[in-house]
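Working notes, structure below.
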There are 2 protein chains.
Amino acid sequence: MAPGGRPRAFEPEVALDAAVETFWRHGYEAAGLAELTEAMGISRPALYRFFGDKTQLFRTALERYIERNMGYVENALAMPTAREVAEAFLTGNAEAVTAPGRPPGCLSVQAMVTDEADVFSLLAENRRAIQGRLTDRFRRAIDDRDLPPDEDAEELARFLITLTTGFAIRAADGEPRHALLALAHRAVVVFAQPGSAEHRKAALPSPRRDS
Amino acid sequence: MAPGGRPRAFEPEVALDAAVETFWRHGYEAAGLAELTEAMGISRPALYRFFGDKTQLFRTALERYIERNMGYVENALAMPTAREVAEAFLTGNAEAVTAPGRPPGCLSVQAMVTDEADVFSLLAENRRAIQGRLTDRFRRAIDDRDLPPDEDAEELARFLITLTTGFAIRAADGEPRHALLALAHRAVVVFAQPGSAEHRKAALPSPRRDS
DNA sequence: TCAGTAACGTATCGATCGGTACGTAACCAA
DNA sequence: TTGGTTACGTACCGATCGATACGTTACTGA
């Protein structure tokens, strides 16, 4: 019934990668259609025909970014001990946000500062998903006696996410890889060394509930 | 010789505070003139006559933001020990980025994601200045035998700045105050590295300064 | 009363934003 | 060749961006 029409004049994956890099470097709003189309090497209507509007393009770009540049998350979650999970997660992130030949920082964080509610919540959901997987992993570590029984798995996960968020901003700020790696190695001391579970007593005077 | 003309119809400080809040909530680029003028309660030409262009307004707003919402920095630097400096700095920041009645997060961080080079470098300079003062403080702590002689003062300062940067983003992300405070208390254990067990004993909840 | 001065705000500037209408070009099947 | 189909890109849309021109209003001192 319907034979193929005129063939595409560009490689969708190449164009998408260019979009990823543009969003990565400038965030969502600051990445204009003009810059996007120029980087992707296609015309504006071509972008809309293949990728939908700017928001949909960003969704697709974020998916690709995650699967191509956030592999360190899976890698870290597969580590045998909680401490190794944390170290792999932090160092993997430090390396990802300072990858040579790529924009410094993290697409998710660069694009987070936006008024577009759907883009923001998309990124928030992604971050929450990772934090949830880390939490689950640390809960398992508690069950396995790899972490103290009174340890707060959710708080540990939140600590890691918060630190990597900071890494992303600092990398965009020009901080070199070795500096972030040093911070990563330093931060894992928060994961109690075997035999010293007492840091929690000293560190937490009393739980506070104010907002 | 020159008599006064028509009197001003607005309070400059009130208008400036409104500008601070707008930049705080949306960052630099996303805070449009329409929103700024509406929040400030003045017309567009009035803004330009009194505050110069948008960049100059931002400079002034940043100055005011620093002097009104970053008092915790001075407070922290005045603490007697390195660990207390760190704890006061982190908790002070956690409280500042979750201050009730104010936008969550930090103006400096919200506005950091921008293409405007001069705004970016202005913020980077501010961050570097704080990091420098923390570094100096920790160097002094090393001289005073308050920190181990082989400690890296600059790295400690970088650790704190990176963490507070993360706090700012997470606060904007909706993280409640108590969660960030818990992270703050947890993070100061890096100041009780193995080998100096007595740093740990002295950990007490420090006096608090709300601004 | 009146000239001088300065802040007021409407109405508008050119540039750029995200998004499309539409005529054209390139493929396939008959 | 011809009709159907699909991608191509120029040229444009209304809205909004930051920034101003300019006529008006309110105050002061002579």
Side-chain angles (χ1 to χ4, degrees), chain A residues 1-16 18-20 22-23 25-62 110-111 113-120 122, chain B residues 1-16 18-20 22-23 25-62 110-111 113-120 122:
Chain A
M1 70 149 219
R6 176 172 174 170
R8 245 186 279 108
F10 65 94
E11 211 55 53
E13 295 211 339
V14 175
L16 183 56
V20 168
T22 305
F23 282 128
R25 181 165 283 121
H26 297 101
Y28 177 75
E29 314 210 63
L33 269 300
E35 192 170 2
L36 281 167
T37 52
E38 188 187 341
M40 298 167 79
I42 63 178
S43 70
R44 201 172 300 222
L47 189 156
Y48 277 81
R49 254 172 284 132
F50 279 86
F51 297 102
D53 64 5
K54 191 184 172 185
T55 301
Q56 288 175 308
L57 171 63
F58 180 78
R59 274 190 225 282
T60 310
L62 178 64
Q110 291 290 320
V113 181
T114 178
D115 284 342
E116 302 263 327
D118 49 351
V119 169
F120 180 89
L122 181 69
Chain B
M1 101 136 201
R6 176 171 175 173
R8 258 198 316 273
F10 65 94
E11 211 55 53
E13 295 211 339
V14 175
L16 183 56
V20 167
T22 305
F23 281 127
R25 181 165 281 121
H26 297 101
Y28 177 75
E29 314 210 61
L33 269 299
E35 192 170 1
L36 281 167
T37 53
E38 188 188 341
M40 298 168 78
I42 64 178
S43 71
R44 201 170 301 217
L47 189 154
Y48 277 82
R49 251 171 288 139
F50 203 86
F51 296 102
D53 65 5
K54 192 184 172 186
T55 302
Q56 288 174 309
L57 171 63
F58 180 78
R59 276 189 224 281
T60 311
L62 178 63
Q110 291 289 320
V113 181
T114 177
D115 284 342
E116 302 264 326
D118 49 351
V119 169
F120 179 89
L122 180 70

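Each chain gets a letter, A, B and so on, in the order the sequences are listed, and its residues count up from 1.
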>> Could you go through A:M40 and A:F51, starting from their C-alpha distance and side-chain angles, then the distance that decides it, and tell me whether this counts as side-chain contact (heavy atoms from CB on, under 4.5 Å)?
In response: CA-CA 12 Å; A:M40 298 167 79; A:F51 297 102; 3.6 Å; yes
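- As a whole-Å value, the separation of B:F23 CZ from D:dG18 C1' is 12 Å.
- Applying the salt bridge (charged side-chain N to carboxylate O under 4.0 Å, His left out) criterion to A:E13, with sequence neighbours excluded, gives A:R64.
- Within residues 42-57 of chain B, the residues approached by DNA chain D to less than 4.0 Å at the level of any non-hydrogen atom are B:R44, B:P45, B:Y48, B:D53, B:K54, in residue-number order.
- Geometric assessment of B:K54 against the ring of B:Y28 yields a positive cation-pi assignment under the 6.0 Å and 45° thresholds.
- Atom P of nucleotide C:dG18 and atom CD of A:E38 are separated by 14 Å, given to the nearest angstrom.
- For the 3.5 Å distance criterion, the side chains of B:E35 and B:T22 fail to qualify, holding no donor opposite an acceptor.
- If you measure from atom CG of B:L33 to atom C1' of C:dC17, you get 15 Å, rounded to the nearest angstrom.
- Computed from coordinates, the A:F58 CZ to C:dG18 C1' distance equals 16 Å when rounded to whole Å.
- Within 4.0 Å (heavy atoms only), B:A30 reaches no atom of the nucleic acid at all.
- In this structure, A:L36 atom CG and C:dT16 atom P are separated by 16 Å, rounded to whole Å.
- In this structure, A:R6 atom CZ and C:dC27 atom P are separated by 8 Å, rounded to whole Å.
- To the nearest angstrom, P of D:dT28 lies 14 Å from CZ of B:R8.
- Annotation: B:Q56, atom CD; neighbour count of heavy atoms from other residues, nucleotides and ligands within 6.0 Å is above 12.
- In this structure, CD of A:E35 is placed 16 Å from C1' of C:dA15, rounded to the nearest angstrom.
- Remark: side-chain polar atoms of B:T37 are paired, donor with acceptor, to backbone N or O of B:A34 under 3.5 angstrom.
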